[in-house]
Protein chains: 2
Amino acid sequence: MTLNTSRSTFQNKTPSSVSCEVCMNKTCLIKRNLQTLSNSKFVNQKRTLQIKKGQQFIIEGAPVNGLYFVKQGKVKVFRTGINGKEHIVRFANEGEIIGHRGFGTGDSYSIGAIALEHSVLCCFSKQMLQDVLLENPRFSYDMMLFYANELNKSEAKVKSLSQMMVRERVADMLLYINRKFGSTNGFINLPLSRKEYADYTGTSDEQIIRIFSALKKEKLIIARGKKIGILNIDALKKEISAHNFFLDS
Amino acid sequence: MTLNTSRSTFQNKTPSSVSCEVCMNKTCLIKRNLQTLSNSKFVNQKRTLQIKKGQQFIIEGAPVNGLYFVKQGKVKVFRTGINGKEHIVRFANEGEIIGHRGFGTGDSYSIGAIALEHSVLCCFSKQMLQDVLLENPRFSYDMMLFYANELNKSEAKVKSLSQMMVRERVADMLLYINRKFGSTNGFINLPLSRKEYADYTGTSDEQIIRIFSALKKEKLIIARGKKIGILNIDALKKEISAHNFFLDS
DNA sequence: AATAATAAGTAATAATACTTAGTTTTTAAA
DNA sequence: TTTAAAAACTAAGTATTATTACTTATTATT
């Protein structure tokens, strides 16, 4: 895996660009505000990027140059902590926004982002977005709601890390991943390494492996290589039922 | 401590109401957008509430009726978890907003809020705020930025809970509280119970007590009843320096 | 002022999680 | 295809944290 800088990726405009008007991704916040934004040159100013599996397209600490909207594919968003240890903040699916935190705290990204599979991203520059946000209250309001939703999710995760034991967090995470990405033939649509599960859950690889091993023995999950399938979703839900919440996708 | 409902508190309009135009609180987001909002009837539609120390003014799960802006005082915002155990999401100071997460997920508050000292709050109804946000892009944009900042803070806390040991988290928290609320005569301006420190840090009372005891022995902090003072701020910072970050206030 | 309740503190024990050290399997590179 | 590297797996040992059981001090109530 080579580390491409955001800048070099930025210039990699491909002939597969699709304008926002004809894009089929209905969950995208830009798409949903297209009527409001239609008088703006804004929607013609995006760049569409093809990102290979494993490719990093946002470097932590790099200057914020824009927001990425996931047109297709899956992405993990992470922060690097002590000793280079990675913490996965969230997984992003189609229609979701990456790099949005840079709007708040200044000029650099506080996160990194890597594609988990081949992905197509639409990138809008920060300056352009700021301008159009300041012109379009409806769009601004929708962006605000997006952030409010992200904040709720983040705080649910804070609670999970504070009050759940590791096994509970693992159960919670499997339910979340399953709900967010769905399953095919009984296996969750996003194969992740044990390390990635650990980085998301805030524990070690070995702990994940140990808990998966136990869950497999207890017939709650099944594994085929990196693919994980949930066999008994109710039992998994029961693991966390005392906590009375699920992470929203 | 009696639990007043938000509704009854809501009606408790006092003669000490001050209009936004003459309010001296310069950090308030409404105040900062006053020029933009001046044509709106909006700023005359707030309610000013006097909240006693220990009084709960937001009940988790209650319908969202508005946002609270802290004119004066200090507040803790919490979520209730397993077995009624409380998790403190954050502390809020003057000029800060409470209840803002209700904008994202629907009709009820996902948090509770209690005044840590006598506090004065300005409350704007959700409907009114939505209307004015949809009319004023500058204000909407500023609200969006506020949420983006809150999201960054929340994610820093996620990272802290994932990767720091309890002692490190305690050091981090003391630095944060000290920075946010300041000190007088060598003691942090917000006396908290050991339970509250624990609820914020995501550990048990006894663990807090144990770590405070150790930090006192090592001359890093001093305690007078519930008041805590930092004696050696550099040593405290050194406890978390390997993690390369501070929680922003 | 006296009493009751709660919070702070301490020590010991139990439970949980992390780390280390290996082996086996899978994936990537040559 | 072979080899090397990385990931997955397992077990054992160590460290951290939570829980339990008290005592003491402080705060709230009567």
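Order of the sequence lines sets the chain letters (A, B, ...), proteins ahead of strands, with each chain counted from 1.
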Which nucleotide in the set [options] lies at the smallest distance from any side-chain heavy atom of [X]?
X       : options                   : answer
R194(A) : dC9(D), dG9(C), dC18(C)   : dC9(D)
S204(A) : dT19(C), dT19(D), dA8(C)  : dT19(C)
E206(B) : dT17(D), dA17(C), dT10(C) : dT10(C)

For F78(A), all residues meeting ring-ring contact (aromatic ring centres under 6.0 Å, His included), sequence neighbours excluded:
none
Residues forming a side-chain contact (heavy atoms from CB on, under 4.5 Å) with Q72(A), sequence neighbours excluded
E94(A), H118(A), V120(A)
By side-chain contact (heavy atoms from CB on, under 4.5 Å), S154(B) pairs with (sequence neighbours left out) L151(A), S154(A), E155(A), V158(A)
Which residues pass the side-chain hydrogen bond (donor to acceptor under 3.5 Å, both in side chains) test with [X], not counting sequence neighbours?
X       : result
E196(B) : K76(B), S193(B)
S162(B) : H87(A)
K195(B) : D199(B)
K74(B)  : E117(B)

Contact list please: residues 221-230 of chain A against DNA chain D, heavy atoms, distance less than 4.0 Å, in numerical order.
K226(A)
Does a nitrogen or oxygen in the side chain of S213(A) sit under 4.0 Å from OP1 or OP2 of dT10(D)?
yes
Starting from the 5' end of DNA chain D, give me the residue, K217(A) or S162(A), whose nearest nucleotide shows up first.
K217(A)
Touch class at under 4.0 angstrom, heavy-atom based, for S193(B) against every strand present
sugar-phosphate
Will you find, in the side chains of Y109(B) and N65(B), an N or O donor that is under 3.5 Å from an N or O acceptor?
yes
Result block: side-chain N/O donor-acceptor pairs under 3.5 angstrom for residues 221-229 of chain A, not counting sequence neighbours:
none

Does any pair with a residue in residues 213-222 of chain B pass salt bridge (charged side-chain N to carboxylate O under 4.0 Å, His left out), and if so which ones, sequence neighbours excluded?
R167(B)-E218(B)
Polar atom pairs between nucleotides 12-14 of chain C and protein, under 3.5 Å, N or O only, would you list them?
from: dA12(C); atom 1: N6; to: R210(B); atom 2: NH2; distance (Å): 3.3

Rounded to 10 degrees, the angle between the two terminal axes of the helix from dA1(C)-dT30(D) to dA30(C)-dT1(D), each from five pairs
60°
